[in-house]
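Shown next, in structure tokens, is the structure this report addresses.
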Protein chains: 2
Amino acid sequence: MQPTRPEIEEAFRRVGLRRTPQRFDVMDFLLRHPVHATADQIYEELNRRDPRVSRATVYNSLRSLMEAGLVREVAMEGKAARFDAYLRRHHHFVCDRCGKVEDVDFFDLPARERDQVIGTRRVREFQVTLYGLCEACGR
Amino acid sequence: MQPTRPEIEEAFRRVGLRRTPQRFDVMDFLLRHPVHATADQIYEELNRRDPRVSRATVYNSLRSLMEAGLVREVAMEGKAARFDAYLRRHHHFVCDRCGKVEDVDFFDLPARERDQVIGTRRVREFQVTLYGLCEACGR
DNA sequence: TTTTGTGCAAAAGGTTTGCATACGA
DNA sequence: TCGTATGCAAACCTTTTGCACAAAA
């Protein structure tokens, strides 16, 4: 989109991604809407603003952004995947009722239990997903 | 299949699920193969043993088992869903290389951090997923 | 100029559904 | 018997792919 968003340009440069308008817009959308949109929601919005944007390109962009580590896919039971700008570590909260996915601040695991449980596996990363009722649904 | 498996019959009775051969076999398969099979893998195996088993019925059975809380769906980024008999709480480990999903023993989260992070949301459950290299791939 | 991305439409999974029939309780 | 599950095939939804053209570095 219009506002230059130097952080995106810088991130693209850092990971060696070409700056195409479509790819830029996908990243921009994810940063502006931290609501874990589906590929289709991203497509609808970008295509409405600029009809040149195709569904395939949204998927392609998401893939390159994921491969570059700037975006993460949040696998959702049964439903379409959701996407998440991943510039800083965090966990997720999924509302049982409205299905919304919210970011929650990162926190670490208790080292003792974790080490006991992982045995000799080499753990690169972990992700905590909490389920329950979000603030709006919970009252 | 053949061996009566009283634990399954009992679980079905407990949650009020009819005992059909197909449904029973799906549950039995998941208990015998704690490898987080896809619906299609379950279908292939059951249909090979008994050609009367259809794909739709495998999906239907998985759905009723999930609704009854006996089975859990493990959402996998990009790929087909995997299914997991969920008679006791546990977490998951996903191998980056071979894609295998392993159960790891349940452990709790540090209460302080968790409460800070969830704020006023009502958390019903949580799930930790660890990523890395499994024992076989790690050396 | 070289390489990579884009758009389109078609294809490929994976999962759900409608309907007549079969089966469990 | 009554109500629910099954099997089949078709429908559906999401995602990927092949190819010719366009744009980035």
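Each chain gets a letter, A, B and so on, in the order the sequences are listed, and its residues count up from 1.
Sorted by first and then second residue, the side-chain hydrogen bond (donor to acceptor under 3.5 Å, both in side chains) pairs involving residues 59-68 of chain B (not counting sequence neighbours) are B:R23-B:S64. Here salt bridge (Lys or Arg N to Asp or Glu O under 4.0 Å) pairs that include residues 82-94 of chain A, with residues two or more places apart or in two chains, are A:R89-A:E125.
For C:dG5, the OP1/OP2 oxygens have a side-chain nitrogen or oxygen of A:R23 closer than 4.0 Å. For D:dT15, the OP1/OP2 oxygens have a side-chain nitrogen or oxygen of A:Y59 closer than 4.0 Å. OP1 or OP2 of C:dT17 lies within a sub-4.0 Å distance of a side-chain N or O belonging to B:R63.
In this structure, of D:dT6, D:dT15, C:dA9, it is D:dT6 that holds the atom nearest to the side chain of B:T57. Comparing C:dT6, D:dT6, D:dA9 by their nearest atom to the side chain of B:A56 picks out D:dA9.
Remark: P of C:dG14 and CZ of B:R82 are 11 Å apart, rounded to the nearest angstrom. B:N60 has its CG atom 16 Å from the C1' atom of C:dG24, to the nearest Å. Per the geometry, CD belonging to A:E67 stands 13 Å off C1' belonging to D:dT16, to the nearest Å. Between the P atom of C:dT6 and the CZ atom of A:F24 lies a distance of 14 Å, rounded to the nearest Å. Nucleotide D:dT14 holds its P atom 14 Å from the CG atom of A:L62, rounded to whole Å. Between B:D40 atom CG and C:dA12 atom P there is a gap of 16 Å when expressed in whole angstrom units. Separating the OH atom of A:Y43 from the P atom of D:dT16 is a distance of 16 Å, rounded to the nearest angstrom. In this structure, A:M27 places its CE atom 16 Å from P of C:dG5, rounding to the nearest Å.
Under the 4.0 Å criterion applied to side-chain N and carboxylate O atoms, A:E45 and A:R49 are assigned as salt-bridge partners.
When the side chains of ILVMFWY residues are joined at heavy-atom separations under 4.5 Å, either directly or via intervening members, B:V35 and B:I42 end up in two distinct hydrophobic clusters. One hydrophobic cluster holds both A:F107 and B:V128 under the rule that ILVMFWY side chains link at heavy-atom gaps under 4.5 Å.
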Within the sub-3.5 Å range, which N or O atoms of nucleotides 23-25 of chain D have a protein N or O partner, and how far apart are they?
| from | atom 1 | to | atom 2 | distance (Å) |
| --- | --- | --- | --- | --- |
| D:dA25 | OP1 | A:R19 | N | 3.1 |

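For the residue pair B:D105 and B:H91, no side-chain donor N or O sits within less than 3.5 Å of a side-chain acceptor on the partner.
Ring pair B:H90/B:Y86 is perpendicular by interplanar angle, where above 60° counts as perpendicular and below 30° as parallel.
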